[in-house]
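Quick note on labels: first sequence line is chain A, next is B, and so on, each numbered from 1. Values in this document were obtained by computation on a predicted structure and should not be read as measured data.
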Amino acid sequence: MALYRLNRIIQRYDHRTVLSIDGLELAQGSITGLVGANGSGKTTLLKLLGFVERPAQGEILFDERPVPPLDPAARRSIALLPQESHLLKRTVYANVAYGLRVRNDRKEERQRVAQSLAWVGLPPENFARRPWFALSGGEARRAALAARLVLRPRVLLLDEPTTSVDGASAQLMKAAALHAHRQWGTSLVVASHDLPWLHEICTDVVHLFAGRILGRGQQTLLFGPWRQLSPGKVAMALGETQRFIALRPEKEKTALTAAIDPARLTLLQPGEAPPEGREVMEGIVTRLALDRPTGGIHVVVAVGPTEFSVPLPAGHPALAALSPGRPARIAYGPGEVRWYDQNLLNQASSCESPGR
Amino acid sequence: MDYLFQGLLEACRLLLGGDPETYSAVAATVRVSSYAMAASLLIGLPLGFILGHLRFPGRRQARLVVDTLLSLPTVFIGLLVYAFLSRRGPLGDLGLLFTLPGIAIGQTLLALPVVVALTATAVESMDANLRVTLLSLGADRWQLMRDTLWEARHGILAAALNAYGRVMTEVGISMMVGGNIKWHTRTITTAIALETNKGMFAMGIALGLILLFIAFAVTATVSLLRRK
């Protein structure tokens with residue numbers, strides 16, 4: 001049974017379509033990452049999943065059942081942390097207790113509020129009595145998260161939780177969200193630009209582009225522009241010196257996006273020649289991230305402004321020579337990209353790349 | 001200019017000496033304005049919330065009407081209420097003409113546009129994320145309204161004070177609907193009008209000062225509450 005099932009969802013603001021999703025299912029107990037540029041529809045999707053907004057068209061099933069407008073029943077097992085987390089004009093304590101009070105659930109309120117404040121690193125003895133305006137940006141964001149954690153929700157929707165907070169706050173928030181997942185089996189949906197973190201924790205990553213689902217998994221997206229290289233090949237510039245070469249798509253279209261699966265990329269050892277028929281890009285290692293489910297390592301390599309993630313199994317000999325700042329060469333096959341027509345992106349949601 | 005000073009002395013004498021006629025007028029003013037404020041807040045806060053929070057067709061037009069009603073003349077309200085409550089009027093059987101509840105009905109009509117318009121403005125100027133925040137924490141419709149109004153409490157307090165000022169100081173409705181009956185429907189403002197007509201300036205000024213004093217007491221209490 002799917003936790004969420006979205007059918008032909010369209011959302012419009014002022015007659016402008018901001019989100020159009022043919023179909024999406026989210027499983028109970030999963031951690032789903034939402035990735036995409038600003039304005040790609042992540043926030044809108046989260047608001048729809050939190051039932052604080054209604055879609056203009058389409059249907060969202062929660063536990064396989066539709067949710068009536070403004071009906072609190074389903075909403076009360078879902079907690080959304082909006083991007084601009086707003087604190088009510090009350091004390092920190094009253095802010096965190098608010099959700100319990102609207103649920104008329106005041107049993108052990110004091111302990112539960114104190115506990116959630118502690119999870120996000122706000123010692124209750126210092127913070128509970130503070131008014132809403134006496135918090136720093138990071139503290140306010142953490143207090144807002146505590147107000148969601150206290151509800152022990154079945155679903156926790158986080159909209160860029162770690163954006164515009166300091167590193168320590170970000171760490172605390174990440175740990176608290178994972179705590180909820182492990183402790184209560186809370187399903188998480190996280191919109192974030194923090195790709196290493198998402199890759200580390202997520203069981204599924206959904207790519208959004210211009211309000212549409214562009215695919216799932218850890219693929220790298222190459223938006224072009226693509227120019228003709230030879231009769232059979234096109235290329236996209238990556239920075240000033242590098243380029244990505246791909247076989248020409250069958251259909252001639254203007255706005256095309258290519259996606260490449262990380263499993264199709266290989267790191268070359270220093271001095272190693274690329275295998276026959278494969279192209280090479282040179283870049284710089286920016287991060288190494290642990291892939292918890294497999295124990296492997298994701299090597300993130302920046303080629304110009306674009307980042308590629310290359311998986312390596314744990315203990316691979318090449319890892320010894322890899323650290324951020326070191327040069328790295330990636331080999332790929334020009335025929336291994338998947339093409340998406342940006343004008344027909346709805347098709348993309350049905351052809352998923354192999355999930356993890 | 002002597003009578004101004006005389007008025008001040010007279011005011012002290014009336015208040016401290018416990019003049020029964022003055023206290024009757026003060027009691028009538030406080031009672032009738034309290035009724036009117038309670039009724040206009042009860043009706044006006046939900047209407048103001050709807051006007052400021054919801055997006056519905058015709059909202060702008062409704063807003064225009066309410067804003068126009070802000071400048072309703074008190075004598076005109078007095079006339080309307082008189083017409084409705086008089087023996088021949090549709091509500092004549094209720095026997096409310098020349099009673100305090102009758103005046104309160106008129107003053108409620110006076111205060112209502114102020115409460116609705118200023119509440120709508122206060123709710124409108126709330127952070128756009130407030131709605132998402134309240135809903136995301138599980139609020140239902142009723143809690144959404146209650147807590148949005150609570151978040152806008154400073155603006156709403158200003159609205160209530162503004163309305164209270166109008167209600168306390170109006171003379172047209174009290175005079176026409178109440179009839180300025182001594183011991184009965186005579187309020188401070190109608191008493192001032194009468195004393196001035198009689199040429200009793202000192203008494204009029206004294207009553208005016210008492211009115212100001214009541215206004216000060218209310219405002220001071222509210223500002224004390226606001227600090228908390």
**Student:** Checking heavy atoms, do the side chain of A/L81, its backbone, both or neither come under 4.5 Å from chain B?
**Tutor:** neither

**Student:** Are there over 12 heavy-atom neighbours, none belonging to B/Y82, within less than 6.0 Å of that residue's OH?
**Tutor:** no

**Student:** For A/V52 and B/L135, which heavy atoms make the closest approach, and how far apart are they?
**Tutor:** CG1-CB, 3.6 Å

**Student:** Could you list each donor and acceptor atom pair linking chain B to chain A at less than 3.5 Å?
**Tutor:**
{"from": "B/D127", "atom 1": "OD2", "to": "A/H86", "atom 2": "ND1", "distance (Å)": "3.3"}
{"from": "B/L135", "atom 1": "O", "to": "A/R75", "atom 2": "NH1", "distance (Å)": "3.0"}
{"from": "B/S136", "atom 1": "OG", "to": "A/L80", "atom 2": "O", "distance (Å)": "3.3"}
{"from": "B/S136", "atom 1": "OG", "to": "A/R148", "atom 2": "NH2", "distance (Å)": "3.0"}
{"from": "B/L137", "atom 1": "O", "to": "A/R103", "atom 2": "NH1", "distance (Å)": "2.6"}
{"from": "B/G138", "atom 1": "O", "to": "A/R76", "atom 2": "NE", "distance (Å)": "2.7"}
{"from": "B/G138", "atom 1": "O", "to": "A/R76", "atom 2": "NH2", "distance (Å)": "2.9"}
{"from": "B/A139", "atom 1": "O", "to": "A/R75", "atom 2": "NH1", "distance (Å)": "2.8"}
{"from": "B/A139", "atom 1": "O", "to": "A/R75", "atom 2": "NH2", "distance (Å)": "3.1"}
{"from": "B/Q143", "atom 1": "OE1", "to": "A/R76", "atom 2": "NH2", "distance (Å)": "3.0"}
{"from": "B/Q143", "atom 1": "NE2", "to": "A/V102", "atom 2": "O", "distance (Å)": "3.0"}
{"from": "B/D147", "atom 1": "OD1", "to": "A/R90", "atom 2": "NH2", "distance (Å)": "3.4"}
{"from": "B/D147", "atom 1": "OD2", "to": "A/Y98", "atom 2": "OH", "distance (Å)": "2.5"}
{"from": "B/E151", "atom 1": "O", "to": "A/K89", "atom 2": "NZ", "distance (Å)": "3.3"}
{"from": "B/E151", "atom 1": "OE1", "to": "A/K89", "atom 2": "N", "distance (Å)": "2.8"}
{"from": "B/E151", "atom 1": "OE2", "to": "A/K89", "atom 2": "N", "distance (Å)": "3.1"}
{"from": "B/R153", "atom 1": "NH2", "to": "A/K89", "atom 2": "O", "distance (Å)": "2.8"}

**Student:** Walk me through whether A/L80 and B/L137 qualify under side chain to side chain contact (heavy atoms under 4.5 Å, CB included).
**Tutor:** CA-CA 7 Å; A/L80 163 69; B/L137 288 169; over 6 Å; no

**Student:** Kindly determine whether A/V102 and B/L134 satisfy side chain to side chain contact (heavy atoms under 4.5 Å, CB included), including the steps that lead there.
**Tutor:** CA-CA 10 Å; A/V102 299; B/L134 293 177; over 6 Å; no

**Student:** Just checking B/F84: does its CZ atom have more than 12 heavy atoms from other residues, nucleotides or ligands closer to it than 6.0 angstrom?
**Tutor:** no

**Student:** Can you say whether A/L151 sits under 4.5 Å from chain B via the side chain, the backbone, both, or neither, judging by heavy atoms?
**Tutor:** side chain

**Student:** Sort by residue number and list every residue of residues 208-216 of chain B having at least one heavy atom under 4.5 Å from chain A.
**Tutor:** none

